[in-house]
Participant: 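Input: one structure, supplied below.
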Amino acid sequence: MAYNYITAEEAAAMIKDGDTIGMSGFTAPGTPKAIPAAIAKKAEAEHAEGRPFKINLFTGASSSDRADGNLARANAINRRAPYQNVPDLRKRINSHDVHYSDRHLSEMAQEVRYGTYGPIDYAIIEAAHITPDGEIILGTGVGNIPTYAHLAKKIFIELNEQLPHELHGMHDIIMLQDPPHRPAIPIIKANDRIGSPILKIDPNKVVGIVKTKYYDGVHEFTAPDEVSKHIGSNVVKFLLSEYKRGGIPKEFLPLQSGVGNVANAVLYDLGESKEIPPFMMYTEVIQDAVLELMKKGKCTFASTCSMTFADPTEEKLFKDMSEVKDKILLRPAEISNNPEVIRRIGVIAMNTALEADIFGNVNSTHVLGTKMMNGIGGSGDFARNAYISIFSCPSVTKGGLISNIVPMVAHVDHSEHSVDIIVTDQGIADLRCKDPIERAYEIINNCAHPDYRDMLKHYLEMGKGQTPVTLEKAFAFHNAFNETGDMRNAKL
């Protein structure tokens with residue numbers, strides 16, 4: 001089949017107010033770059049003429065400033081799911097300009113197939129290559145595009161000439177059957193392949209191909225600060241102690257790691273540990289640190305949904321794919337984050353928290369309980385089903401004005417039942433096999449900042465019952481910050 005090559009502006013011209021779009025990608029990698037920017041320009045022009053123009057946008061996870069940022073600044077998004085991390089979109093969400101549905105990433109594709117989000121009008125797919133019969137080599141992030149492409153009425157392809165054809169073979173594409181017809185997912189080890197190296201689409205649905213030439217636009221992470229280093233060191237200290245006592249089998253277990261400086265610090269520390277054996281990863285995102293671990297032979301394989309590498313790393317990698325060709329497998333989000341697989345293969349999950357309370361509940365999404373930060377992402381998929389579920393955060397932020405260990409979290413994303421270990425720069429709290437009061441002392445003594453320990457103990461000891469919550473004082477820390485700008489002024 002001969003495809004129609006068009007401009008991004010011509011693609012945007014076909015999209016109407018109220019259309020629903022499903023995009024490829026997971027974080028910035030794999031996210032279309034030219035068409036979303038053109039849609040934003042169209043929205044600005046329509047708004048200038050007094051006409052409404054907003055789309056519903058569904059992705060695999062967050063996207064990038066080229067997509068979410070441009071569209072948010074143009075006020076061109078009506079409904080958004082399942083995750084985001086762009087400041088301009090965050091502002092729209094918190095001012096209710098955008099209807100944001102914060103979902104577990106493993107669930108999104110199935111929910112779309114079940115019709116929860118309505119029909120998909122267009123899928124936009126970033127590709128390294130497409131054949132006349134609709135076989136696509138995807139880019140560096142997969143997300144939910146197998147489902148969006150299957151359901152979409154029409155498809156746009158962004159053919160990114162920056163992407164090497166050598167990506168062929170690094171993808172494992174499958175779309176699960178829906179219950180009650182779904183068989184077991186045959187992944188026993190992180191490196192088991194179960195799908196196809198290409199995404200097969202109906203070529204007749206392709207209404208246009210837009211040529212682009214972009215790297216993913218991922219910035220290099222800054223070097224870990226002292227707090228991140230302490231957290232990373234404490235996570236590795238826990239893993240090593242657990243390994244030595246036999247709580248982790250001798251061949252070790254696959255790891256999942258979140259995104260950011262703390263995650264990088266943990267991975268770098270793991271790379272330096274001579275006592276922890278080589279391991280595999282079963283995760284949703286891999287960063288630059290994973291490549292370093294692979295070079296050292298510490299990480300032998302990584303199953304992921306996205307290669308979130310900084311542009312300089314990506315540029316270097318694209319010139320020679322040989323070092324990762326047989327060590328990385330890119331899967332759809334409903335496989336990379338699948339609870340069935342996570343539990344079967346015994347993933348050790350390492351995620352970050354905004355705050356944790358003294359009983360072990362974690363808030364990973366809402367600042368002071370009301371303002372959305374990014375979203376739950378894949379942390380729930382992994383935490384609830386992990387062999388060991390670890391959450392980390394600094395003990396304090398804003399120079400000590402905010403304690404991230406509080407009497408009660410202002411928003412619950414992960415309940416005490418899904419949290420095994422809490423780690424801060426102060427230390428490690430092992431919550432397993434402990435009742436609520438035991439957990440509270442473990443967290444206060446090991447994870448809270450010294451400035452807040454006596455206050456937290458006072459709160460704990462004024463309560464009664466199996467879980468001694470004092471309702472009128474539970475949010476005293478948050479109220480103090482809202483009123484005075486300093487949680488140390490809490491009235492308990």
Participant: Between Glu314 and Lys319, is the salt bridge (Lys or Arg N to Asp or Glu O under 4.0 Å) condition met? List the steps.
Facilitator: CA-CA 9 Å; Glu314 191 171 63; Lys319 292 176 181 177; over 6 Å; no
Participant: Is the shortest heavy-atom distance from the side chain of Ile345 to the side chain of Tyr282 under 4.5 Å?
Facilitator: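 Counting from C-beta outward, Ile345 and Tyr282 do come under 4.5 Å.
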Participant: Can you tell me if Arg343 uses its side chain to pair, donor with acceptor, with the backbone of Gly346 under 3.5 Å?
Facilitator: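 Absent.
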Participant: Decide whether Tyr117 and Glu111 meet the rule of one side-chain donor and one side-chain acceptor closer than 3.5 Å.
Facilitator: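 The answer is yes; a qualifying pair exists.
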Participant: I'd like to know if the side chain of Asp311 reaches the main chain of Val218, judged simply by a donor and an acceptor atom lying under 3.5 Å from each other, with no hydrogens or angles considered.
Facilitator: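 Flag set: sc Asp311 to bb Val218 pair under 3.5 Å.
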Participant: Under 6.0 Å from the NZ atom of Lys398, do we count more than 12 heavy atoms belonging to anything else shown?
Facilitator: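 At most 12 heavy atoms, drawn from other residues, nucleotides or ligands, come within 6.0 Å of this atom.
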Participant: If we only count heavy atoms from C-beta on, is the Phe238 to Ile388 side-chain gap below 4.5 Å?
Facilitator: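 SC-SC contact between Phe238 and Ile388 confirmed.
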Participant: Just by distance, do the side chain of Ser63 and the backbone of Asp68 share a donor-acceptor pair under 3.5 Å?
Facilitator: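 Checking the backbone N and O of Asp68 against the side chain of Ser63, a donor-acceptor pair under 3.5 Å is found.
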Participant: Considering all heavy atoms of both residues, which atom of Glu334 and which atom of Asn338 are nearest to each other, and what is their separation?
Facilitator: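 Minimum heavy-atom contact is O-ND2, 3.0 Å.
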Participant: Side chains of Thr147 and Asn144 only: does a donor on one sit below 3.5 Å from an acceptor on the other?
Facilitator: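 Asn144 and Thr147 do not have a side-chain donor-acceptor pair below 3.5 Å.
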Participant: CD1/Ile21 to CD1/Ile55 distance, rounded to the nearest 0.5 angstrom?
Facilitator: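 That separation rounds to 4.0 Å.
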Participant: Between Lys205 and Asp202, does any NZ, NE, NH1 or NH2 come within less than 4.0 Å of an OD or OE carboxylate oxygen?
Facilitator: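 No, no charged N to carboxylate O under 4.0 Å.
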Participant: Roughly how far apart are Asn160 CG and Thr31 OG1, rounded to 0.5 Å?
Facilitator: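 Result: 11.5 Å between the selected atoms.
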Participant: Under 3.5 Å, side chain of Asp172 to main-chain N/O of Gly195, donor-acceptor pair present?
Facilitator: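 Such a contact is found between Asp172 side chain and Gly195 backbone.
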Participant: State yes or no: are the ring centers of Tyr243 and Phe252 separated by less than 6.0 Å?
Facilitator: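 That pair passes the under 6.0 Å test.
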Participant: With a 4.5 Å heavy-atom cut-off, do Tyr214 and Lys33 have their side chains touching?
Facilitator: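 Heavy-atom side-chain distance check passes, below 4.5 Å.
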Participant: With side-chain hydrogen bond (donor to acceptor under 3.5 Å, both in side chains) as the test, would you mind laying out the steps for Thr352 and Ser392 before giving the verdict?
Facilitator: CA-CA 5 Å; Thr352 56; Ser392 62; over 6 Å; no
Participant: Mind running side chain to side chain contact (heavy atoms under 4.5 Å, CB included) on Asp88 and Asn70 for me, showing each step along the way?
Facilitator: CA-CA 9 Å; Asp88 288 306; Asn70 281 321; over 6 Å; no
Participant: Just do the side chain to side chain contact (heavy atoms under 4.5 Å, CB included) check on Asp269 and Val235 with the steps written out, would you?
Facilitator: CA-CA 9 Å; Asp269 272 14; Val235 171; over 6 Å; no
Participant: Please name all residues satisfying salt bridge (Lys or Arg N to Asp or Glu O under 4.0 Å) with Asp65, sequence neighbours left out, ordered by chain then number.
Facilitator: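 Listed in chain order: Arg73.
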Participant: Can you tell me if Ser257 and Thr283 form a side-chain donor-acceptor pair at under 3.5 Å?
Facilitator: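 No - no donor-acceptor pair under 3.5 Å links their side chains.
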Participant: Are more than 12 heavy atoms from other residues, nucleotides or ligands located less than 6.0 Å from atom NZ of Lys295?
Facilitator: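 Buried by this count: over 12 neighbours within 6.0 Å.
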Participant: Just wondering, do Thr313 and Gln287 contact through their side chains at under 4.5 Å, heavy atoms?
Facilitator: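 No. Closest side-chain heavy atoms not under 4.5 Å.
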Participant: Are Glu226 and Lys229 close enough for a salt bridge, meaning some N to O gap below 4.0 Å?
Facilitator: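 Answer for the salt bridge query: yes.
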Participant: How long is the straight-line distance from CD1 of Ile198 back to CD1 of Ile137, given to the nearest 0.5 Å?
Facilitator: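 That separation rounds to 9.0 Å.
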Participant: Begin from the C-alpha positions of Leu167 and His129 and carry the test side chain to side chain contact (heavy atoms under 4.5 Å, CB included) through to its verdict.
Facilitator: CA-CA 10 Å; Leu167 284 165; His129 181 66; over 6 Å; no
Participant: Give the intermediate values and the outcome of salt bridge (Lys or Arg N to Asp or Glu O under 4.0 Å) for residues Lys200 and Glu135.
Facilitator: CA-CA 5 Å; Lys200 185 70 171 73; Glu135 291 189 345; 5.9 Å; no
Participant: Is there a donor-acceptor contact under 3.5 Å linking the side chains of Asn351 and Gln256?
Facilitator: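 Short answer, yes.
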Participant: Hey, would you say the Phe53 and His47 ring centroids sit under 6.0 Å apart?
Facilitator: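 No; His47 has its ring centre 6.0 Å or more from that of Phe53.
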Participant: How about Arg92 and Gln84: does a side-chain donor come under 3.5 Å of a side-chain acceptor?
Facilitator: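 There is no such pair between these side chains.
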Participant: Quick check on His150: does its NE2 atom have over 12 non-hydrogen neighbours (other residues, nucleotides or ligands) under 6.0 Å away?
Facilitator: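 For His150, atom NE2 is not crowded (no more than 12 foreign heavy atoms under 6.0 Å).
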Participant: Check whether the side chains of Thr20 and Asn56 place a donor and an acceptor atom closer than 3.5 Å, and report yes or no.
Facilitator: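 Yes, a side-chain donor-acceptor pair sits under 3.5 Å.
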Participant: If you measure only the distance, is there a donor-acceptor pair under 3.5 Å linking the side chains of Asp413 and Thr365?
Facilitator: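 Checked: Asp413/Thr365 side chains pair up, N/O donor to acceptor below 3.5 Å.
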Participant: Side chain to side chain contact (heavy atoms under 4.5 Å, CB included) between Ile77 and Leu89: does it pass, once the steps are laid out?
Facilitator: CA-CA 9 Å; Ile77 303 176; Leu89 179 54; 4.0 Å; yes
Participant: Looking at side-chain heavy atoms only, is the closest gap between Val142 and Ile173 below 4.5 Å?
Facilitator: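 When only atoms from C-beta onward are counted, Ile173 and Val142 do touch, with a gap below 4.5 Å.
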Participant: Given 3.5 Å as the limit, does a donor-acceptor pair link the side chain of Lys298 with the main chain of Ile276, or not?
Facilitator: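 Side chain of Lys298 to backbone of Ile276: a pair is present.
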Participant: Can a side-chain donor-acceptor contact be found between Asn337 and Ser106 if the only test is distance below 3.5 angstrom?
Facilitator: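 Not at all, the side chains of Ser106 and Asn337 share no donor-acceptor pair under 3.5 Å.
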Participant: With the side chain counted from C-beta on, respond yes when Leu317 and Val324 share a heavy-atom pair under 4.5 Å apart, and no when they do not.
Facilitator: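 Leu317 vs Val324: side chains touch.
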Participant: Roughly how far, to the nearest 0.5 Å, is CE of Met321 from NZ of Lys327?
Facilitator: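 Lys327 atom NZ to Met321 atom CE measures 12.0 Å (nearest 0.5 Å).
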Participant: Would you check if the side chain of Lys42 reaches a backbone N or O of Lys16 as a donor-acceptor pair within less than 3.5 Å?
Facilitator: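 No, because the side chain of Lys42 does not come within donor-acceptor range (under 3.5 Å) of the backbone of Lys16.
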Participant: Where the side chain of Ser95 meets the backbone of Lys91, is there a donor-acceptor pair that is under 3.5 Å apart?
Facilitator: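 Flag set: sc Ser95 to bb Lys91 pair under 3.5 Å.
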Participant: Would you call the rings of Tyr122 and Phe156 parallel, tilted or perpendicular, taking 30° and 60° as the class edges?
Facilitator: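 If you compare the ring of Tyr122 with that of Phe156, the planes turn out parallel.
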Participant: Between Asn361 and Ser415, is there a donor-acceptor pair closer than 3.5 Å when you use the side chain of the first and the backbone of the second?
Facilitator: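 Not a single qualifying donor-acceptor pair exists.
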Participant: To the nearest 0.5 Å, tell me how far His168 NE2 sits from Ile136 CD1.
Facilitator: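 One finds 12.5 Å between NE2 of His168 and CD1 of Ile136.
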Participant: Quick one: OG1 on Thr304 to CG on Leu329, what's the gap to the nearest 0.5 Å?
Facilitator: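 Nearest 0.5 Å value for the OG1-CG distance: 9.5 Å.
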Participant: Taking atom types as modelled and ignoring hydrogens, do the side chains of Ser389 and Ser418 form a donor-acceptor contact shorter than 3.5 angstrom?
Facilitator: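 Ser389 vs Ser418: no donor-acceptor pair found between side chains.
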Participant: Which is it for Gln110 and Arg182 under the side-chain hydrogen bond (donor to acceptor under 3.5 Å, both in side chains) test, yes or no, and what are the steps along the way?
Facilitator: CA-CA 11 Å; Gln110 178 173 290; Arg182 180 177 299 170; 2.7 Å; yes
Participant: I'd like to know if Lys41 pairs up with Glu46 as an ion pair, taking the criterion as any Lys NZ or Arg NE/NH1/NH2 lying under 4.0 Å from an Asp or Glu carboxylate oxygen.
Facilitator: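 No, no charged N to carboxylate O under 4.0 Å.
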Participant: Counting neighbours of NE2 on His219 that are heavy atoms of other residues, nucleotides or ligands and sit closer than 6.0 Å, is the number greater than 12?
Facilitator: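 No, not enclosed.
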Participant: Give a yes or no on whether a salt bridge exists between Glu158 and Lys213, defined as a side-chain N under 4.0 angstrom from a carboxylate O.
Facilitator: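 Not counted as a salt bridge, because no side-chain N and carboxylate O are separated by less than 4.0 Å.
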Participant: Picking from Ser303, Pro146, Cys305, what satisfies side-chain contact (heavy atoms from CB on, under 4.5 Å) with Arg331?
Facilitator: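 In the set Ser303, Pro146, Cys305, the residue that makes a side-chain contact (heavy atoms from CB on, under 4.5 Å) with Arg331 is Ser303.
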Participant: Could you check whether Ser101 and Arg79, counting side-chain N and O atoms only, form a donor-acceptor pair closer than 3.5 Å?
Facilitator: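 Judged by distance alone, the side chains do not pair up.
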Participant: Short question: side chain of Thr59, backbone of Ser62 - any donor-acceptor pair under 3.5 Å?
Facilitator: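 No, because the side chain of Thr59 does not come within donor-acceptor range (under 3.5 Å) of the backbone of Ser62.
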Participant: Do side-chain atoms of Glu355 reach the backbone of Ala410 as a donor and acceptor pair under 3.5 angstrom?
Facilitator: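 Checking the backbone N and O of Ala410 against the side chain of Glu355, a donor-acceptor pair under 3.5 Å is found.
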Participant: Just so I know, are the side chains of Ile35 and Met23 near enough to count as touching, which here means a heavy-atom distance under 4.5 Å?
Facilitator: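 No. Closest side-chain heavy atoms not under 4.5 Å.
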